[in-house]
Trainee: 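If you scroll down you'll find the structure; I have some questions about it.
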Amino acid sequence: MPLRIATWNINSVRLRLPLVLRFLEEHQPDVLCLQETKCPNDQFPTAAFRKIGYDHVAIHGQKGYHGVATISRRPMSVLETRTFCGIEDCRHLATSVELGSRRIHLHNFYVPAGGDEPDPEVNPKFRHKLDFVQEMHDILPATIADTGSILVGDLNIAPLEADVWSHKQMLKVVSHTPVETEGLEAMRKAGGWVDIMRQHVPPEEKLFTWWSYRSKDWEASNRGRRLDHVWSSPDLSPVLKDMAVLKDARGWDRPSDHVPVITDFDIG
DNA sequence: ATGGTAGACGCTCTA
């Protein structure tokens with residue numbers, strides 16, 4: 001049995017609970033990391049997940065905005081939540097998934113979107129995004145025995161040329177500006193993290209996880225971006241068995257603008 | 001060059 005880990009920016013977990021349950025039933029991930037839950041902790045639909053076997057539910061939410069949650073059918077404990085840039089937003093949740101004598105340290109992230117204007121001098125949201133990614137340098141794979149590390153989430157940056165529908169037309173659009181893509185790649189490499197979606201799909205091949213709500217026909221225009229990511233520590237990279245982007249979910253009734261990313265590891 | 005949609009919350013913010 002491989003270990004299946006999925007990540008999905010759900011854009012309101014309460015509104016889209018039926019979609020999350022459908023995804024869990026159809027794809028049976030061991031662990032699902034959600035972002036943009038937009039749900040205070042005392043209103044999180046924990047019981048609905050426990051009912052279908054996801055007994056371990058870690059939540060870090062706030063009213064109205066942001067929020068992350070990690071739900072698991074394998075034993076899991078909370079390690080920590082971190083704040084970034086001195087702002088108390090709920091954007092990070094680290095858990096430990098137990099696999100017999102081994103374990104995975106799993107970081108679930110929701111990086112700030114950064115607003116519309118890609119100039120940190122005039123746009124505080126963009127400044128915040130750049131500073132946030134800089135502070136992420138502190139997130140490193142675990143160095144203790146029998147412990148692999150995985151970092152997932154909506155990082156709100158599409159680092160490679162083939163991560164956007166048009167590299168040239170996106171260079172001045174927040175999510176694909178050089179200061180963002182270089183910042184994210186520097187942070188990833190500094191930690192030794194492996195971009196395992198791109199280990200599975202050649203870097204030249206278009207790969208998207210998000211399509212805007214603002215396009216009339218998202219599928220026909222296909223102006224997507226790869227904003228959601230799965231990274232692993234180097235020891236887990238050789239045991240990656242499969243990776244899939246569930247594009248179908250963008251066409252479900254009242255969808256999120258992001259789709260799930262599913263990864264299978266031959267471990268545990 | 002512009003405006004387009006969605007969700008939470010409560011007359012506006014974030015994405």
Side-chain angles (χ1 to χ4, degrees), chain A residues 7-23 33-45 48 59-69 83-92 108-120 122-133 152-159 163-166 168-177 179-181 184 208-229 247-261:
Chain A
T7 181
W8 194 7
N9 177 318
I10 194 61
N11 188 17
S12 174
V13 67
R14 284 174 290 178
L15 185 71
R16 276 180 256 285
L17 180 60
L19 273 57
V20 181
L21 296 175
R22 172 181 172 182
F23 171 70
C33 294
L34 295 168
Q35 303 87 33
E36 274 206 277
T37 53
K38 296 185 174 176
C39 182
N41 290 341
D42 63 3
Q43 292 174 43
F44 194 87
I59 52 180
H60 184 45
Q62 65 188 84
K63 184 179 174 181
Y65 310 107
H66 323 313
V68 289
T83 58
F84 293 79
C85 310
I87 297 172
E88 296 287 331
D89 286 347
C90 298
R91 294 181 178 278
H92 170 255
N108 180 357
F109 267 101
Y110 177 51
V111 171
D116 288 330
E117 182 59 54
D119 180 351
V122 303
N123 176 8
K125 289 181 195 170
F126 196 68
R127 173 84 271 157
H128 178 215
K129 183 179 196 176
L130 298 181
D131 291 347
F132 191 103
V133 171
V152 308
D154 177 5
L155 305 186
N156 265 317
I157 296 173
D163 290 339
V164 292
W165 64 278
S166 166
K168 194 177 168 188
Q169 287 178 259
M170 289 287 298
L171 275 169
K172 291 180 179 173
V173 176
V174 171
S175 74
H176 194 64
T177 64
V179 65
E180 292 169 89
T181 59
L184 187 69
F208 309 145
T209 65
W210 173 91
W211 292 262
S212 173
Y213 284 127
R214 297 178 193 179
S215 101
K216 289 203 196 321
D217 187 341
W218 68 275
E219 198 164 18
S221 59
N222 197 28
R223 294 188 171 188
R225 308 176 195 174
R226 184 171 72 112
L227 302 180
D228 303 273
H229 299 270
K247 187 177 176 181
D248 280 1
R250 186 61 179 78
W252 290 356
D253 190 39
R254 296 202 77 185
S256 170
D257 45 355
H258 296 252
V259 299
V261 181

Trainee: Would you kindly give the CG-to-C1' distance between L19(A) and dA6(B), to the nearest whole Å?
Mentor: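 Going from L19(A) (CG) to dA6(B) (C1'), I get 14 Å.
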
Trainee: Please report the distance, rounded to the nearest Å, between CG in D116(A) and C1' in dG3(B).
Mentor: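 Interatomic distance, CG of D116(A) to C1' of dG3(B): 11 Å.
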
Trainee: Quick one, give me the B/S/- string for nucleotides 10-15 of chain B, reading 5' to 3', where B means a protein heavy atom under 4.0 Å from the base and S means that only happens at the primed atoms, P, OP1 or OP2.
Mentor: S--BSB

Trainee: Between the side chain of R16(A) and the main-chain N/O of P255(A), is any donor-acceptor distance below 3.5 Å?
Mentor: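 At least one qualifying donor-acceptor pair exists.
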
Trainee: Heavy atoms under 4.0 Å, any strand shown: does R16(A) hit a base, just sugar-phosphate, or nothing?
Mentor: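 Answer is sugar-phosphate: R16(A) comes under 4.0 Å of backbone atoms only.
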
Trainee: Over how many whole Å does the gap from W211(A) atom CH2 to dA6(B) atom C1' extend?
Mentor: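 So the CH2-C1' distance, W211(A) to dA6(B), works out to 17 Å.
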
Trainee: Name the atoms and distances for all side-chain donor-acceptor pairs under 3.5 Å in residues 59-68 of chain A, with sequence neighbours left out.
Mentor:
residue	atom	partner	partner atom	Å
Q62(A)	OE1	C90(A)	N	2.7
H66(A)	ND1	R91(A)	NH2	3.3
H66(A)	NE2	R91(A)	NH2	3.4

Trainee: How close or far is atom P of dA6(B) from atom CH2 of W210(A), stated in whole angstroms?
Mentor: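 For the pair W210(A) CH2 and dA6(B) P, the rounded distance is 13 Å.
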
Trainee: Decide yes or no for R22(A) and W252(A): does some side-chain heavy atom of the first lie under 4.5 Å from some side-chain heavy atom of the second?
Mentor: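 R22(A) vs W252(A): side chains touch.
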
Trainee: Return the value, rounded to whole Å, for the distance between atom CD of Q35(A) and atom C1' of dA6(B).
Mentor: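 Interatomic distance, CD of Q35(A) to C1' of dA6(B): 18 Å.
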
Trainee: Between F208(A) and W165(A), is the ring centre distance below 6.0 Å?
Mentor: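 That pair fails the under 6.0 Å test.
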
Trainee: Using atom P of each nucleotide, how far apart are dT5(B) and dA1(B) to the nearest Å?
Mentor: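 The answer is 22 Å between these two P atoms.
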
Trainee: Does OP1 or OP2 of dG7(B) have a side-chain N or O of R254(A) closer than 4.0 Å?
Mentor: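 Indeed, a polar side-chain atom of R254(A) lies that close.
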
Trainee: When you measure from the side-chain N and O atoms of S12(A) to the phosphate of dA8(B), is any distance below 4.0 Å, counting only OP1 and OP2?
Mentor: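 Result: yes.
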
Trainee: What interatomic distance, in whole Å, is found between C1' of dC11(B) and the corresponding atom of dG7(B)?
Mentor: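 To the nearest whole Å, 16 Å.
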
Trainee: Counting neighbours of CG on D119(A) that are heavy atoms of other residues, nucleotides or ligands and sit closer than 6.0 Å, is the number greater than 12?
Mentor: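 Correct, the count exceeds 12.
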
Trainee: Exactly one of N11(A), T7(A), D154(A) should register a side-chain hydrogen bond (donor to acceptor under 3.5 Å, both in side chains) with Q35(A). Which one does?
Mentor: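 When N11(A), T7(A), D154(A) are each tested with Q35(A), the side-chain hydrogen bond (donor to acceptor under 3.5 Å, both in side chains) holds only for T7(A).
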
Trainee: Between dC9(B) and dT14(B), how far apart are the C1' atoms? Round to whole Å, please.
Mentor: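 Pairwise C1' distance, dT14(B) against dC9(B), rounds to 12 Å.
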
Trainee: Looking only at atom C1', what distance separates dA15(B) and dG3(B), rounded to whole Å?
Mentor: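 These two C1' atoms come out 16 Å apart once rounded.
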
Trainee: Sequence neighbours excluded, which residues qualify as ring-ring contact (aromatic ring centres under 6.0 Å, His included) partners of F126(A)?
Mentor: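 In terms of ring-ring contact (aromatic ring centres under 6.0 Å, His included), with neighbours along the sequence ignored, F126(A) is linked to no residue.
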
Trainee: In whole angstrom, give the distance that lies between atom CD of Q43(A) and atom P of dA8(B).
Mentor: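 Roughly 11 Å, once rounded to whole Å.
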
Trainee: Grab the CD-P distance between E117(A) and dT2(B) for me, whole Å please.
Mentor: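 Rounded to whole Å, this separation is 13 Å.
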
